[in-house]
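Each remark here refers to the structure printed beneath this line.
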Amino acid sequence: MNYLSEENLKRNSASSGGKKLLETLKRDVHWFSKNFHDDPEIQSGWGHVYFCSEDGSFLTYDRKSPLDHKCPICGKKFTDEQYNAAWIYFYRYDAIMSAWEAATLYRLEKDTKYLEHFMHIVNFYSEHYSEFEPHGRGPITSGCGKISPQALNEAIFLVRVVNGLELLKDVLPSQFIENVSKKLLIPGAEFINAQKKIINNIPCWINSAVALVGFFTQNDSLLKSAFESPLGLYDQIRQGVTNNYFWFEGSIHYNCFTLEAFLNQLLFARIYNKNLPEDIENTLYQMVLAPCRMAFSNGVLPNPNDGWPNLSLKTYSYLYEMAAKIFDSSEIRIILQNIYHSPLERVSVPMSSPIYSDDYCLEYLLFSGASDTDETVALWKDSYNFEASNYALLRNNNCEVFLKYGHCTDSHAHPDKMNLEVTAYGKSISRDLSNCGYAAQLCNEFYRTSVSHNTVTIDGTSHMGTEKGTCLKYDDKQKHINVSVSAYPGVKFLREIRMLDNGFQDYFHVLSEDTHNVDWIFHVEGCIRNVLHTDPADLGYTDHGYQHLTKTKKVLLEDTTLHLIWDFSDGVFGEQELILDENMELYLCESYDNPVNQMRNTLIVRKNAKNITFKQKWIFKKI
């Protein structure tokens with residue numbers, strides 16, 4: 001397999017999406033050609049600090065302004081050195097991406113200015129690599145970088161370098177390739193490879209970088225470490241991917257992020273004619289399909305655990321372009337057809353992001369083959385129980401419910417056992433907000449609390465532990481699931497979901513050895529149409545996320561069955577039936593969305609008891 005088909009590149013660049021993408025590439029390359037400057041004495045910083053401390057929004061990054069860091073929501077400016085250091089990380093990432101862009105433009109237009117730009121950027125980091133001091137966060141999973149703030153980012157940097165080198169290796173001077181290999185690629189690969197310690201997404205990127213360097217420099221020792229050695233690709237896949245072909249850290253973003261590392265490694269294995277074991281090949285192919293099976297039919301992805309908010313399959317189309325080339329798969333090309341025809345606005349990730357212009361990515365230019373089909377019918381029709389991952393997705397007519405009922409690891413885990421996400425008629429009824437940057441205040445104060453999820457809390461605290469749940473019953477024909485999990489010492493949760501023609505029934509059982517104050521929480525993204533009689537109220541808790549609930553009111557109940565009518569816009573309505581007993585209290589409040597310049601309605605049903613059952617039913621209609 002060749003890295004690039006010149007015929008495909010010319011065809012793809014002539015499409016309407018390709019033409020706009022070329023404009024983006026040229027703007028990037030032109031700017032860095034005129035303005036690139038770096039200094040190995042300046043250390044980079046962790047990108048996750050680059051978020052507003054007030055509202056968790058990603059700061060406005062401007063590559064022209066190294067000291068200007070402003071929140072796009074509240075307007076607050078940040079001047080601490082940590083923000084300047086994070087800016088350096090983003091700048092260096094953009095610089096090396098401009099080199100990859102220039103390599104692509106050279107293959108298309110054969111203009112030597114693009115070749116010169118690529119060589120200028122790569123040569124700077126090659127010639128000065130020994131001068132960059134190791135620095136970073138240092139924990140066993142994150143490690144240190146030299147150009148970048150941690151081993152993860154250093155690995156991604158090297159992957160981008162080798163991608164560009166592979167594009168240009170037949171036109172680059174041999175002395176240039178020899179110098180870059182000797183001064184940057186091999187020492188960089190050895191530096192990060194020594195930090196590979198565990199099964200985790202970061203060592204997967206280390207393996208990817210080490211493999212690409214190994215292939216490009218024909219270094220058998222690096223190749224063995226990246227593939228066959230302990231914690232190499234084979235170990236990471238066999239130990240880190242569940243039997244449902246989903247990455248064990250339990251986040252769809254981290255599944256896709258890790259998959260990107262795997263696909264880069266597999267792509268170069270194809271190019272350099274290295275055969276992989278059959279189980280590894282099959283797992284990787286099925287891992288590509290896993291997000292599609294978990295996606296709602298509108299293409300939006302459920303968002304359990306750490307990640308980024310409001311993601312969809314369109315966010316990751318670049319992975320499907322890579323996978324379609326690697327596997328030569330008509331099935332994946334149909335998925336791409338669905339992705340590109342989706343009316344959803346593409347939501348990007350803020351760090352280590354691919355190059356896009358609107359919906360089209362650099363990988364579209366490089367890898368997209370002629371489509372075998374114009375089929376754009378929805379592929380996501382079936383219900384699934386991803387038991388090994390403790391997830392289930394139930395679909396019935398116009399309603400879909402995603403349930404998370406346990407954990408596989410504490411890495412990137414949120415305290416959200418039994419959390420639900422719901423869509424109806426393609427509209428989000430209630431979704432998981434994921435989180436903002438890990439260093440942002442609201443990340444731990446709200447997004448990583450149980451209160452921000454559709455679950456139950458005990459005595460105003462977040463869930464304890466990351467135990468796996470148990471599926472007690474699953475019937476894909478009847479669209480019914482019953483699951484259990486331990487969430488607190490002496491407390492068991494059971495949740496039962498039954499799909500209806502245009503809705504679902506939800507039973508949440510709390511079984512406890514002792515009496516507790518139990519809160520059932522459900523966030524709704526629509527507007528309530530009922531006139532409710534309420535009094536101002538205080539929930540009595542000031543931490544574990546409760547401090548960020550606002551406008552709290554106690555609903556004055558006249559009956560034990562309450563029917564609420566919700567408007568979700570575009571003619572979609574939902575009727576929510578809450579079945580309460582006489583000792584339950586109902587509260588209505590507002591809580592943060594993501595980003596926090598939006599709010600959403602939150603219902604809390606409270607009861608003080610040992611054993612409790614919370615019951616709700618939803619019916620949706622579109623007018």
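All residue numbers refer to positions in the sequence shown, counting from 1. Below, all heavy atoms of this structure are taken into account, side chains as well, without hydrogens, waters or symmetry copies.
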Other residues, nucleotides, ligands: >12 heavy atoms within 6.0 Å of Glu467 CD: yes
Parallel, tilted or perpendicular, as decided by the 30° and 60° cut-offs, for the rings of Tyr254 and Tyr438: parallel
Salt-bridge contact Lys610-Glu513 (side-chain N to carboxylate O under 4.0 Å): no
Any side-chain donor near an acceptor of the partner, Tyr318 and Glu260, under 3.5 Å: yes
Exam field: side chain Asp593 to backbone Val596, donor-acceptor pair closer than 3.5 Å: no
Audit row: Phe493, Phe508, ring-ring contact (aromatic ring centres under 6.0 Å, His included) steps and yes/no: CA-CA 7 Å; Phe493 289 169; Phe508 200 129; 5.2 Å; yes
Salt bridge present between Arg238 and Asp279 (N-O < 4.0 angstrom): yes
Counterpart residues, side chain to side chain contact (heavy atoms under 4.5 Å, CB included), relative to Leu472 (two or more places apart): Thr470, Asn482, Ser484, Leu494
N-O pairing of Asp306 and Arg448 below 4.0 Å: yes
Donor-acceptor contact below 3.5 Å, side chain Glu525 vs main chain Arg431: yes
Partner of Asp359 by side-chain hydrogen bond (donor to acceptor under 3.5 Å, both in side chains), out of His341, Arg346, Lys314: Lys314
Side-chain H-bond candidate by donor/acceptor type, Glu400 with Ser297, under 3.5 Å: yes
Side-chain donor-acceptor pair present, Ser430, His523, cut-off under 3.5 Å: no
Any side-chain donor near an acceptor of the partner, Lys554 and Thr534, under 3.5 Å: no
Ring geometry between His48 and Trp308 (parallel below 30°, tilted from 30 to 60°, perpendicular above 60°): parallel
Side-chain H-bond candidate by donor/acceptor type, Tyr546 with Asp519, under 3.5 Å: yes
Sidechain N-carboxylate O distance under 4.0 Å for Arg495, Asp506: yes
Side chains of Glu577 and Gln616, donor plus acceptor under 3.5 Å: no
His480 and Glu496 side chains, donor-acceptor separation under 3.5 Å: yes
